[in-house]
Amino acid sequence: MAKNFIEELTWRGMIHDSMPGVEEHLLEKMRSAYVGIDPTADSLHIGHLVSVMMLRHFQRAGHKPYALLGGATGMIGDPSGKSQERNLLNEQELQHNQDAIKTQLSRFLAFDTTDENAAVLVNNYDWMKNFSFLEFIRDVGKHITVNYMMAKDSVKKRLTGENAEGMSFTEFSYQLVQGNDFLHLYKNNEVSIQMGGSDQWGNITTGTELVRRVESGKAFAVTCPLITKADGTKFGKTEGGNIWLDAERTSPYQFYQYWLNTSDEDAEKFIKIFTFLSKVEIEELVASHQEAPHQRQLQKKLAEEVTIMVHSEEALKTAITASNILFGKSTEEDLRSLSAKDFLAVFEGITQATLTRAELKEGVGIIDALSAKTGFLESNGAARRELKGNAISVNKTKVKEDLILTEDHLISDQFILLGKGKKTNYLIIVS
RNA sequence: GGGGGGAUACUCAAGCGGCCAACGAGGGCAGACUGUAAAUCUGCUGAUUUUAUCUUCGAAGGUUCGAAUCCUUCUCCCCCCA
C-alpha cells in the first residue's frame with residue numbers, strides 16, 4: 001500500500017476511535033470503506049467535509065472509498081444527538097437532494113477513473129425500497145436483540161434522564177436500517193469498514209455486529225472527532241446559517257472569510273484536517289505563525305487551500321481581492337479604480353439591492369438607503385442607531401445621519417458600497 | 001378525577017395597579033483597543049414622522065382615570081395526590 005491510512009489520520013487528529021486490527025487489515029491489501037451522508041439538503045455543508053476528507057485520504061492511501069447517500073435512512077432520521085424527532089422528507093425532495101450532492105462529491109473523490117480504487121457512490125434507497133417490512137424484521141431484525149439496541153447511548157438518552165422525550169419506533173429502528181446498509185455493502189461490495197463522526201459509533205457497531213452474526217465476517221469502525229471550536233460555538237455555522245459548499249448558497253467570498261476568521265487555536269487543528277499539506281509543511285507554518293501571529297499565516301493558508309479545493313483558484317483570487325478591498329486600508333480611490341466588471345465580480349457574494357437612477361437623481365437619504373429602499377437593515381430605527389454609533393460608511397468613508405446619496409456617490413456609474421461596522425458590506429446597484 | 005404552580009422581549013429571568021417599552025444576565029450589533037483574533041472597556045438592542053407618539057408581557061373579554069400587574073373564561077406546560 002502506498003500509505004498508512006491510519007497513521008496519516010492519526011497525526012492529523014482525525015481519529016476519535018477505531019476498532020482494534022483495522023491498521024493491519026488495511027495494510028494487507030486494498031480495502032473498501034464507506035461513509036454515510038444524509039441528503040437533508042441539496043448541498044453539503046462544511047460539517048460534511050470531515051467525512052469527505054476521510055474518504056479522500058482513504059482513496060489516496062490506495063483504498064476504495066464508497067459514499068453512501070442515505071436516501072432510505074434520510075427518510076427516517078437519525079436519533080443520535082437529536083432531542084426531537086426529525087421531520088420526514090418525501091421522496092421527491094430526497095431525489096432532488098441526492099442528485100445535487102452527487103455532483104458535489106465528484107469534486108472531491110475520483111469516481112470516473114479506470115483505477116481499481118475508483119470511488120463509488122451508492123444509495124441505500126436502492127436496496128431498501130423493495131425490502132418489505134416482514135422480510136426486514138425476519139432477515140435483519142432477528143439477529144439483533146432489543147437489549148443490544150437499547151444499550152446504545154443514542155437510544156438511552158431518549159429513554160431515560162432529564163429530557164427523555166421518548167422516541168418513536170421509526171427512530172428506534174434507525175440503527176438497524178443503517179446496520180443493514182453495512183451488511184449489504186459487506187456482502188455485495190466487500191466493504192469492510194464504516195467511517196463517520198464519533199456520534200455514529202453506536203450505529204456503526206450495530207453494523208459490524210450484524211456482519212459478525214449474519215456473515216461470520218469481520219468488519220471495522222473508524223470514527224473521527226466531532227469538530228468543535230475553541231470558543232464553543234458550533235463549527236460551520238454563522239448567524240446567517242450553515243456554510244455550504246454550494247456557491248449559490250455561500251459565496252466563495254463568504255466561504256473564504258469563514259476560514260480566515262478561524263481562531264489561532266482552531267486554525268492549527270483545522271489545517272491538519274481540511275488540507276492535504278504535509279506534516280512538515282504544517283509544522284513550519286505553525287512555527288512561523290507563532291513568531292508573527294498578527295500576520296495570521298495559518299488562517300490565510302487554511303482559507304486558501306480549502307477555498308481552492310471546494311471552489312477554484314479563480315474563486316479564491318476574487319475572494320482575496322474582495323477581502324483586501326473590504327478589510328484592507330483601501331479608500332474610495334481604490335474602489336473607483338476598479339472596472340465595472342471587476343467590481344461586480346469582487347462583490348458578487350455581498351448582499352445587494354437595486355435603486356433606480358431616477359430615485360438617485362432626486363437624492364436618497366442614507367436612512368432610506370439602509371432600510372426602507374433596500375432592506376439591508378430591518379428598520380429605520382436600526383439604521384439610525386448604527387448611524388449614531390458611527391458604524392455606517394459609504395464607499396469606505398464614514399457618514400452621518402443627514403447624508404443624502406446622489407449620483408456623485410456612484411462608482412463606475414452604477415454602484416454604491418455601503419458598510420456597517422468592519423465586517424458587513426452591502427452593495428447598491430443602480431439600474 | 002382532586003390540589004398546587006406557571007406562561008414576560010432572541011434565551012434565561014425580575015416585575016405583581018401608575019415612576020414599565022418593562023430590572024438583571026446571556027446572546028446579538030456597533031465603537032475604542034487589536035491581528036477581519038482573544039481578552040477588556042463603552043454604547044445600543046419593539047416600532048415610528050425619535051426629547052413625543054404607537055403596539056407589546058400565552059389568548060379573549062372585564063374592573064379602573066390608569067393593568068404585565070386585579071377579575072372572568074379559554075389554550076398550553078409543570079408538580080403533587082388518586
Side-chain angles (χ1 to χ4, degrees), chain A residues 83-84 161-166 228-235 237-241 243 250-271 285-304 306-307 316 318-331 334-335 346-347 349-351 363-394 396-404 417-427:
Chain A
S83 53
Q84 284 196 330
E162 193 66 6
N163 29 355
E165 294 264 328
T228 54
K229 293 203 299 173
D231 62 4
T233 56
K234 209 166 181 234
F235 172 74
K237 294 251 185 197
T238 62
E239 267 304 290
I243 303 294
T250 301
S251 73
Y253 163 76
Q254 291 164 327
F255 187 85
Y256 175 81
Q257 281 290 324
Y258 182 80
W259 294 101
L260 194 66
N261 277 309
T262 308
S263 72
D264 292 6
E265 255 174 286
D266 291 335
E268 196 176 329
K269 189 164 82 185
F270 291 173
I271 203 163
L285 257 174
V286 169
S288 84
H289 176 267
Q290 275 162 359
E291 271 177 40
H294 59 280
Q295 288 178 7
R296 295 184 303 141
Q297 293 178 48
L298 262 182
Q299 284 91 334
K300 280 180 187 159
K301 189 68 179 170
L302 171 68
E304 279 170 23
V306 183
T307 306
L316 170 69
T318 317
I320 290 179
T321 311
S323 298
N324 284 342
I325 289 175
L326 293 174
F327 295 106
K329 292 177 275 324
S330 65
T331 58
D334 299 325
L335 287 176
V346 164
F347 296 123
I350 284 172
T351 311
V364 178
I366 185 67
I367 289 171
D368 286 341
L370 283 167
S371 63
K373 299 262 190 201
T374 60
F376 292 151
L377 301 181
E378 59 279 6
S379 68
N380 287 356
R384 252 181 269 270
R385 263 202 306 278
E386 301 297 356
L387 282 159
K388 277 194 184 119
N390 196 28
I392 302 298
S393 64
V394 171
K396 306 293 289 180
T397 310
K398 295 279 183 179
V399 298
K400 297 234 167 57
E401 204 172 318
D402 52 13
L403 184 90
I404 309 282
L417 184 69
L418 298 182
K420 175 173 78 88
K422 279 181 249 188
K423 297 192 185 179
T424 319
N425 292 280
Y426 310 102
L427 186 62

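Here is how names work: the chains are called A, B, and so on, in the same order as the sequence lines, proteins then strands, and each is numbered from 1. Quantities reported herein were computed from a predicted structural model and do not represent experimental measurements.
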*Can you check whether A:S323 has a side-chain N or O nearer than 4.0 Å to OP1 or OP2 of B:rU36?*
no
*asked:* If you only use heavy atoms from C-beta on, which nucleotide in B:rA47, B:rU36, B:rC29 is closest to the side chain of A:E386?
replied: B:rC29
*Grab the NZ-C1' distance between A:K420 and B:rU36 for me, whole Å please.*
14 Å
_Atom-pair distance (CD1 on A:I392; P on B:rG43), nearest Å_ = 20 Å
*Could you give the distance separating B:rA60 and B:rC76 at their C1' atoms, to the nearest angstrom?*
15 Å
*Taking atom P in both B:rA7 and B:rC71, what distance in whole Å separates the two?*
14 Å
*Side chain to side chain, A:V306 and A:I271, heavy atoms closer than 4.5 Å*: no
*Please measure how far the P atom in B:rA13 lies from the corresponding atom in B:rC19, and state the result in whole Å.*
25 Å
*asked:* A:T262 vs A:L298, test: side-chain contact (heavy atoms from CB on, under 4.5 Å). Steps then yes/no.
replied: CA-CA 9 Å; A:T262 308; A:L298 262 182; over 6 Å; no
*asked:* For the C1' atoms, the ones on B:rU64 and on B:rA25, what distance do you get once it is rounded to whole angstrom?
replied: 35 Å
_Pairing string, 5' to 3', for RNA chain B - Watson-Crick or wobble contacts under 3.5 Å, brackets [ ] where pairs cross, | to another strand_ = ((((((((.[[[..)..(.....]]]((((((.......))))))(((...)))...[[[[[..)....]]]]]))))))).
*asked:* Taking the C1' atom in each of B:rG58 and B:rU40, what is the distance between them to the nearest angstrom?
replied: 41 Å
_Please classify the nucleic acid contact of A:K398 as base, sugar-phosphate, or nothing, using heavy-atom distances under 4.0 Å._
sugar-phosphate
_Interatomic distance where CG belongs to A:L377 and C1' belongs to B:rU48 [whole Å]_ = 16 Å
*In whole angstroms, how far is the P atom of B:rA37 from the NZ atom of A:K229?*
13 Å
*Whole Å only: how far is the CZ atom of A:R385 from the P atom of B:rC44?*
11 Å
*Considering heavy-atom distances to RNA chain B, does A:Q257 or A:T424 have its closest nucleotide positioned more toward the 5' end?*
A:T424
*Does any N or O donor sit under 3.5 Å from an N or O acceptor when you compare the side chain of A:R384 with the base of B:rU50?*
yes
*Is the backbone of A:Q295 close enough, under 3.5 Å, to the side chain of A:K300 for a donor and an acceptor to pair up by distance?*
yes
_Distance, C1' atom - from B:rA39 to B:rU34, rounded to whole angstrom_ = 11 Å
*Return no unless some side-chain N or O of A:S263 is found under 4.0 Å from OP1 or OP2 of B:rA38.*
no
*Nearest-0.5 Å distance, OG1 of residue A:T228 to NZ of residue A:K269*: 3.5 Å
*Among A:D264, A:N261, A:D266, find the one that has a side chain to side chain donor-acceptor pair (under 3.5 Å) with A:Q299.*
A:D264
*Would you kindly compare A:A382 and A:R296 by the position of their nearest RNA chain B nucleotide and give the one closer to the 5′ end?*
A:R296
*Find out whether A:I243 and A:Q254 are in side-chain contact, i.e. whether some heavy atom of one side chain is under 4.5 Å from a heavy atom of the other.*
no
*Separation of A:D368 atom CG from B:rU48 atom P, in whole Å?*
11 Å
*What nucleic acid atoms does A:G381 come within less than 4.0 Å of, heavy atoms only: base, sugar-phosphate, or nothing?*
base
Can you pull every protein N or O that's under 3.5 Å from an N or O on nucleotides 22-24 of chain B?
none

*Would you classify A:E265 as touching base, sugar-phosphate or nothing, given that sugar-phosphate means primed atoms plus P, OP1 and OP2, and contacts are heavy atoms under 4.0 Å?*
nothing
_Residue pair A:V364 / A:I404, side-chain heavy-atom distance below 4.5 Å_ = no
*asked:* Any side-chain N or O of A:N380 below 4.0 angstrom from OP1/OP2 of B:rU49?
replied: yes
*Would a 4.5 Å heavy-atom cut-off, applied to side chains only, mark A:L335 and A:F347 as touching?*
yes
_What's the closest nucleotide to the side chain of A:D264 if the choices are B:rC33, B:rA30, B:rG35?_
B:rG35
*Flag side-chain contact, heavy atom, 4.5 Å: A:L417 against A:L326*: yes
*asked:* How many whole angstroms separate atom CZ of A:F327 from atom C1' of B:rU34?
replied: 15 Å
_Approximate separation, where rounding is to 0.5 Å, of A:N425 CG and A:I350 CD1_ = 5.0 Å
*Rounded distance in Å - NZ (A:K388) to P (B:rU45)*: 10 Å
*Just say parallel, tilted or perpendicular for the rings of A:F235 and A:Y258, cut-offs at 30° and 60°.*
perpendicular
_Counting only heavy atoms not in A:E265 (residues, nucleotides, ligands), do more than 12 fall under 6.0 Å from its CD?_
no
*Do A:K422 and B:rU34 share a donor-acceptor pair, side chain to base, under 3.5 Å?*
yes
*Rounded distance in Å between the P positions of B:rG4 and B:rA9*: 27 Å
*asked:* I'd like to know if A:Q299 reaches the base of B:rU36 with its side chain such that a donor and an acceptor end up less than 3.5 angstrom apart.
replied: no
*Same-atom distance (P) from B:rC78 to B:rG27, integer angstrom*: 29 Å
